[in-house]
Chemist: 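My questions all concern the structure below.
The chains referred to below are lettered A, B, ... by the order of the sequence lines, with proteins before strands, and numbering in each begins at 1. Values reported hereafter were calculated over all heavy atoms of this structure, with side chains retained and with hydrogens, waters and symmetry mates removed.
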Amino acid sequence: MAYEKVDSKTDFPALEREILQFWNETRAFETLREKNRGNKKWSFLDGPITANNPMGVHHAWGRTYKDVFHRYHAAKEHDMRYQNGFDCQGLWIEVEVEKEHGFKNKKDIESYGVGKFVDECKARAQHYADIQSEQSKRLGYWMDWNNSYYTMSEQNNYGIWAFLKKCHDEGHVYKGADVMPWCPRCGTGISQMEMNEGYRETEHLSVFVRFPIIDRENEALLVWTTTPWTLTSNVAAAVKADMKYLKVRCGDWTYYIGKGNFEAPRKQPVEGDAAKNAPSLMSIQAIFKNAGGFEVLGELTGTELIDLRYAGPFDHLEGAAEAKEHHKVIAWDMVTESEGSGIVHIAPGCGSEDFRLGKEFSLPAVAPLDEQGNFLDPFEHLAGKNFGTLANDIVADLKDRDFLVHKERYVHRYPHCWRCKEELVYRLVDEWYINMEWRERIMAATRSAQWIPDWGMERELDWLKNMGDWMISKKRYWGLALPIWECNACGHFDVVGSQAELKERAVAGWDEFDGNSPHRPWIDAVKIKCAKCGSDGVSRIKDVGTPWLDASIVPFSTMGYFDNRESWQEWFPPEFVVEALPGQFRNWFYALLAVSTMMVDKSPFKTLLGHGLVLDDKMEEMHKSKGNAIEFNEAADKFGVDAMRWMYCNHSPERNLAFGQTHVDEVKAKTVRPLWNTYVFFVNYARLDGFDPTKEPLSLERRSDLDRWILSDLQELIEVADTSYARFEPHHFCKRAERFIDDLSNWFVRRSRRRFWKSEWSDDKRAAYETLHEVLTTLCQLIAPIAPFMTESMYQNLVVGKFASAAASIHHQPFPTPDPAKTDRALSQRMDRFLRIVSMARKTRTASKLKVRQPLAEMRIQPASDVEREAVEQFTDHMLDELNVKKVTVETDLSSLCAVTIEANKKLIGPKFGKEVGAVIKAIQSADAVVIADLVAKGAAIPLQLNDNAIELEPADVMVTKSYGDDWAAEENAGTIVLLDKRITHELKLEGIARDIVRFVQNLRKDADLNLEDRIGLSLQSDDAELNEAIETCGDHIARETLATSIETNPIDGTSARVEVKINGKPLTIELART
RNA sequence: GGGCUCAUAGCUCAGUUGGCAGAGCGCGUCGCUGAUAACGACGAGGUCCCAGGUUCAAGUCCUGGUGGGCCCA
């Protein structure tokens, strides 16, 4: 029943662990679900977290949002699914398992055994899913942790089959040959969606080579490339038809070169440090000069070069035999003067633009590399060697055979595998695609949803408008088995849409597969019959699917679309999804929209919230490899989760967030601690006083102004909280809540302290307790979604066991609703004005060096408005106490006390009037100071009579000084005037001394570890007459304030504490003893 | 080259419908003392990126530019 004592020095991480245990023991989450079951639904769809590593603090931002909105909607008594998701399949997991075994390439996996390998991938996903579940619980994330979905589940995989079948039925699935970025280590193509994450500054050996022109003696095309190995597969050379070219002789050879290319200085195409470390590049002109000089023989256009035939540098190799027949100059608009030689080496098998151009000109595509990046047999001496290790050999070879003109180190941004960091090559491969003929439908779905921030929709539409066909295949092992069975005999392929369909069509291997998950290698045992040519034994293609399919079927696979359509209809479309913005427009957001459009032509969410990245305190991206990533558990144990959650929620979602000690400390100092300290204050006094919150509370009329004011502001805060959560804008609420907490702790509690200290019960004391109790409990309720731990702890102490109707957990309580009867805007306004006047008075004291401990006789105020006057009248008592003055007088016109003096601003009028300046100064001096001051105050021009001339001064030309005489300290601002009486009488001085004494005694009490309620015997020993007089005159006051039962002037027995201090420079010895 | 976005105090950021430029941290000065390993007040610190425009009034709206980020080509 009684309140538990609380220490203000609370170990928040420890408290949070206690609360976790409490929730666990009381099955708090289950109770909440039970309570809201069957109510109106609020549907959330979780974007699955990659179950490949422990969580970092950057994962916690989005997961905090997810929990906050769940808790809010639970308080709104909605029924929810609480389903978390794990993304389990894909290359990132394979790479980690490979690392564990030290595998170097796909061969290692094959010889280890695909089945074993896949099982280990499954196990790894499960392992990290478990770890992430535990970490999420530590975050306070209330989910149905026993019911998380896994993208590796059968349900999910077969769901994608259904999707792909639908795509195929509509004719969108096709197999395409294309040159694409390829990772030789992973042995797989890298899709458009994955490309951008892997660009890095890379140094290559780049070369200028000559392509000798056939039938023209010693004439050659000058060609440049950064990838010498692709010269093995050169087919053509491209020029721009309307560009100018030069014919230049250098040594034995005459070259054709782009005019602009020849003359222009060349620069490494990188910036920053990479540029600094890179060698500078020579212009072609300079290269020729170094080679013994050159002579420009003529100028021509690109058109004149077209169709010239030339000899390629590797024509002697068998692999180049076909290409050899096609070597000629072709026209291409993309050739530029800004890079290279103006004549572009075209290898359609080694570059995606080359490939497109090759198609246009019906050129063969020579593909020289195998899956691992090794040269194929027809490339003779190169065969079996890796392209990456060959650059120097190839260049040496070119030199030996007299093709090399110049070599250089070239630094540029070049794609790397986003997972394993290997350099990519461009390779001609067959991959499977979904065409984007239906993009308009996806765009319509995109437009039907709400996007936060709203420009997100534009970004998504832009991506949808521009994106190429969707490559869905991966030549890997661990992932969705693409349900495509392709007939070797006739080339026909079929997409199988479900497990049942496969079973029905299986002609072999079903028994072998049955009982396994639909993954490689087991699924590959199943053969079907070709629907076109009837041949038996059609196999599944070897490829697996992109993991973005896995993550995007989930609004169907996890909500019952395939097995309980009725239930699915109740939950679809979800109200809300949230993920980090960067990257997701072309990943999850896109894939989710595409899948849902294909399935039901609807957006898979009503509202999408995107948030930024969590960066380190230097605003740099966190990476494990960089060493600046912060592991979630580490941060949770160091800072406490409530503070972290508050920091996340307080931030504008679309902006990146700098995570660091100072930032979290700021949240603690500004929010967590003031709130907690206010609570501690309440609880510890309520304990002593035996405050009973269950008695019928006093009516509003019987409460003080302070009470009604804070209660009124509280109603406003409830409204803000409700709308902020409902609109997914918790940061708006956080900002308001911080201000409220500041008002509460630094004004309400400070001004109310004495009400709590009173020894006997009175209405006022009861009102103070009741008000603070109501404010704290309601505030907790509002903040609970964001800071679920500390608010639970407070709730348990403030409410549980006191009120019979109290729910067992704060998170079972309904969200508060504002009480209009408690709202009093006029009162809030007056309090605002009052606080402003108090602040002015403090400033006056500071400026006049009148410390607040020194009582002053009088304060006079001229209010600027009626509201201000009412404020002063209403809150006079607070003013007397807060500012330590004896009397407050409201004046309508203080000008009678005010002496105005004006003075010429000589600096300004000097240049204006030159020799006349003396006369102007005189004129100013003789003018009516009050009239002029008034004009200055209004910012109006000042007319003056200067001998016979009328002149005008600017307001700034005159300096006005107002003085209220030596007796008054004054402060004036926006029409409000505050005066403080500076005359300190003997009595006032003695009172000031007494307050000093009280302060020293209180400090001593605290140093002696006395309890708040302990009584003392006090001894005050001094030789100073004034001090002694103060002790004598104000002894009662001192005794009352310090709970002294007696005041001696001699040393006392049983002294438990003693200190020597100086007051106004005079020594005083203080002793006290507990009685 | 195109799209989106950002630019406000030394730092991190607020700034609703256009209405006297703000907070926290840091810095300086002072104060307060039973919330005390706290707290408060005051001060210094600003070309609200630049240039135009609309308006009685622009950090805010419009146009153009500069610089950063993301995306596309």
Chemist: Let me confirm one number: the CZ-OH distance from Arg755(A) to Tyr685(A), rounded to the nearest 0.5 Å.
Modeler: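 Arg755(A) atom CZ to Tyr685(A) atom OH measures 14.5 Å (nearest 0.5 Å).
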Chemist: At 4.0 Å (heavy atoms only), tell me whether Asp665(A) reaches a base, stays on the sugar-phosphate, or touches nothing.
Modeler: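 Contact class for Asp665(A): none.
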Chemist: Could you tell me how far U60(B) sits from U36(B) if I compare only their P atoms? Round to whole Å.
Modeler: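 Rounded to whole Å, the distance is 46 Å.
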Chemist: Side chains of Trp332(A) and Glu353(A): any donor to acceptor distance under 3.5 Å?
Modeler: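 Judged by distance alone, the side chains do not pair up.
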Chemist: Regarding Arg825(A) and Glu716(A), does a basic nitrogen lie under 4.0 Å from an acidic carboxylate oxygen?
Modeler: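 Salt bridge between Arg825(A) and Glu716(A), a charged N being under 4.0 Å from a carboxylate O: yes.
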Chemist: Rounded to the nearest 0.5 Å, what separation is found between the NE2 atom of His731(A) and the OG atom of Ser724(A)?
Modeler: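 The OG atom of Ser724(A) is 8.5 Å from NE2 of His731(A), to the nearest 0.5 Å.
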Chemist: List every contact pair, protein side and nucleotides 3-6 of chain B side both N or O, where the distance is under 3.5 Å.
Modeler:
unit_1, atom_1, unit_2, atom_2, d
C4(B), O2, Arg459(A), NH1, 3.4

Chemist: Rounding to the closest angstrom, what is the interatomic distance between C62(B) and U55(B) at atom C1'?
Modeler: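 That atom pair is separated by 12 Å.
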Chemist: Hey, which of these two, Asp996(A) or Arg753(A), hits RNA chain B nearer its 5' end, going by closest nucleotide?
Modeler: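 Here Asp996(A) is the residue nearer the 5' end.
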Chemist: Would you mind telling me which residue lines up with the more 5' stretch of RNA chain B, Val998(A) or Arg673(A), judged by nearest nucleotide?
Modeler: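 Of the two residues, Val998(A) wins.
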Chemist: Taking pairing as Watson-Crick or G-U wobble with both contacts under 3.5 Å, can you name the mate of G18(B), or confirm there isn't one?
Modeler: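 Matched G18(B) with nothing under the 3.5 Å cut-off.
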Chemist: Atom OH of Tyr590(A) and atom P of C71(B): how far apart are they, to the nearest Å?
Modeler: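 Between P of C71(B) and OH of Tyr590(A): 17 Å.
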Chemist: Using the P atom as the reference point in each nucleotide, state the distance between G67(B) and C50(B) in Å, no decimals.
Modeler: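 Those two atoms are separated by 15 Å.
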Chemist: Can you measure Trp676(A) atom CH2 to A37(B) atom P for me and round it to whole angstrom units?
Modeler: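 About 17 Å, once rounded to whole Å.
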Chemist: Are Lys735(A) and Asn650(A) close enough that a side-chain donor and a side-chain acceptor fall under 3.5 Å?
Modeler: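 Looking only at side-chain atoms, Asn650(A) and Lys735(A) do form a donor-acceptor pair, the distance falling under 3.5 Å.
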Chemist: How long is the straight-line distance from NE2 of His663(A) back to CZ of Phe639(A), given to the nearest 0.5 Å?
Modeler: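 Reported value, rounded in 0.5 Å steps: 11.0 Å.
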Chemist: May I have the distance from Asn650(A) (atom CG) to G24(B) (atom P), rounded to whole angstrom?
Modeler: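 So the two atoms are 13 Å apart, to the nearest Å.
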Chemist: Examine A14(B): is either OP1 or OP2 under 4.0 Å from a nitrogen or oxygen in the side chain of Ser652(A)? Give yes or no.
Modeler: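 So the side chain of Ser652(A) is within the cut-off, an N or O lying under 4.0 Å from OP1 or OP2 of A14(B).
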Chemist: Expressed as a whole number of angstroms, how long is the span from Lys465(A):NZ to A73(B):P?
Modeler: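 Nearest whole value for this atom pair: 12 Å.
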Chemist: Counting any heavy atom closer than 4.0 Å, what does Phe756(A) reach on the DNA or RNA strands: base, sugar-phosphate only, or nothing?
Modeler: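 Nothing, no heavy atom under 4.0 Å.
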Chemist: At under 4.0 Å between heavy atoms, what does Arg736(A) touch on the DNA or RNA strands: base, sugar-phosphate, or nothing?
Modeler: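 No contact.
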Chemist: State the pairing partner of G26(B); accept Watson-Crick or G-U wobble contacts with both distances under 3.5 Å, and report none otherwise.
Modeler: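 Matched G26(B) with nothing under the 3.5 Å cut-off.
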Chemist: Rounded to whole angstrom units, what separation is found between the NE2 atom of His732(A) and the C1' atom of A14(B)?
Modeler: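 It works out to 9 Å between those atoms.
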Chemist: Grab the CG-P distance between Asn656(A) and A7(B) for me, whole Å please.
Modeler: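 My rounded result for the distance is 13 Å.
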Chemist: Rounding to an integer number of angstrom, what distance separates A21(B) and A9(B) when you compare their P atoms?
Modeler: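 Looking at atom P only, A21(B) and A9(B) are 16 Å apart.
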Chemist: Spell out, as yes or no, whether a donor-acceptor pair under 3.5 Å connects the side chain of Thr671(A) to the backbone of Lys668(A).
Modeler: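 No: the side chain of Thr671(A) does not pair with the backbone of Lys668(A).
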Chemist: Which listed nucleotide (G40(B), A14(B), U33(B)) is nearest to the side chain of Lys735(A)?
Modeler: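 Within the option list, the nearest is A14(B).
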Chemist: Does a side-chain heavy-atom distance below 4.5 Å link Phe589(A) with Leu464(A)?
Modeler: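 No; the side chains remain at least 4.5 Å from each other.
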Chemist: For nucleotides 25-31 of chain B, give me one character per nucleotide, 5' to 3': B if any protein heavy atom sits under 4.0 Å from the base, S if the only such contacts are to the sugar-phosphate, - if neither.
Modeler: ------S
Chemist: Could you give the distance separating C61(B) and G18(B) at their P atoms, to the nearest angstrom?
Modeler: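 The same atom, P, in both gives a distance of 9 Å.
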Chemist: Indicate, with yes or no, if the rings of Phe585(A) and Tyr590(A) have centres closer together than 6.0 Å.
Modeler: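 No.
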Chemist: Pick the P atom in C48(B) and in C20(B), then give their distance to the nearest Å.
Modeler: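 Approximately 15 Å lies between the P atom of C48(B) and that of C20(B).
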Chemist: For C48(B), what is the paired nucleotide under Watson-Crick or G-U wobble rules, both distances under 3.5 Å?
Modeler: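 Result: none.
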Chemist: Give none if U55(B) has no partner; otherwise give the nucleotide forming a Watson-Crick or G-U wobble pair with it, both distances under 3.5 Å.
Modeler: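 In the structure as shown, U55(B) has no Watson-Crick or wobble partner.
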Chemist: According to the Watson-Crick and G-U wobble definitions, with both distances under 3.5 Å, which nucleotide is paired to C70(B)?
Modeler: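 Its partner is G3(B).
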Chemist: When both hydrogen-bonding distances must be under 3.5 Å and the geometry is Watson-Crick or G-U wobble, what is U60(B) paired with, if anything?
Modeler: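 Across all strands, not a single nucleotide pairs with U60(B).
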Chemist: Once rounded to the nearest 0.5 Å, what's the spacing between atom CZ of Arg459(A) and atom OG1 of Thr446(A)?
Modeler: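 Result: 14.0 Å between the selected atoms.
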Chemist: Can you name the side-chain hydrogen bond (donor to acceptor under 3.5 Å, both in side chains) partners of Ser352(A), sequence neighbours left out?
Modeler: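 With neighbours one apart ignored, the set is empty.
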Chemist: CZ of Arg750(A) versus C1' of A41(B): gap in Å, rounded?
Modeler: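 Checked: the CZ to C1' distance equals 9 Å.
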Chemist: Using a heavy-atom cut-off of 4.0 Å across all strands, would you classify Asn1003(A) as base, sugar-phosphate, or nothing?
Modeler: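 The residue Asn1003(A) makes sugar-phosphate contact but no base contact.
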Chemist: Would one find a side-chain N or O of Arg586(A) under 4.0 angstrom from OP1 or OP2 of C72(B)?
Modeler: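 Answer yes for this pair, as a side-chain N or O of Arg586(A) is under 4.0 Å from OP1 or OP2.
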Chemist: Can you tell me the base-pairing partner of C32(B)? Count Watson-Crick or G-U wobble geometry only, both distances below 3.5 Å, and say none if there is no partner.
Modeler: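 Across all strands, not a single nucleotide pairs with C32(B).
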Chemist: Considering the options Leu688(A), Asn797(A), Leu776(A), which one meets the side chain to side chain contact (heavy atoms under 4.5 Å, CB included) requirement together with Val683(A)?
Modeler: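 Passing option: Asn797(A).
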Chemist: Would you measure the distance from the P atom in C49(B) across to the matching atom in A14(B) and give it in whole Å?
Modeler: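 Those two atoms are separated by 14 Å.
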Chemist: Taking the P atom of each, how far is G22(B) from C30(B), in whole Å?
Modeler: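 Between the two P atoms, the distance is 26 Å.
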Chemist: Nearest whole Å is fine: how far is A14(B) P from Met647(A) CE?
Modeler: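 One finds 14 Å between P of A14(B) and CE of Met647(A), rounded.
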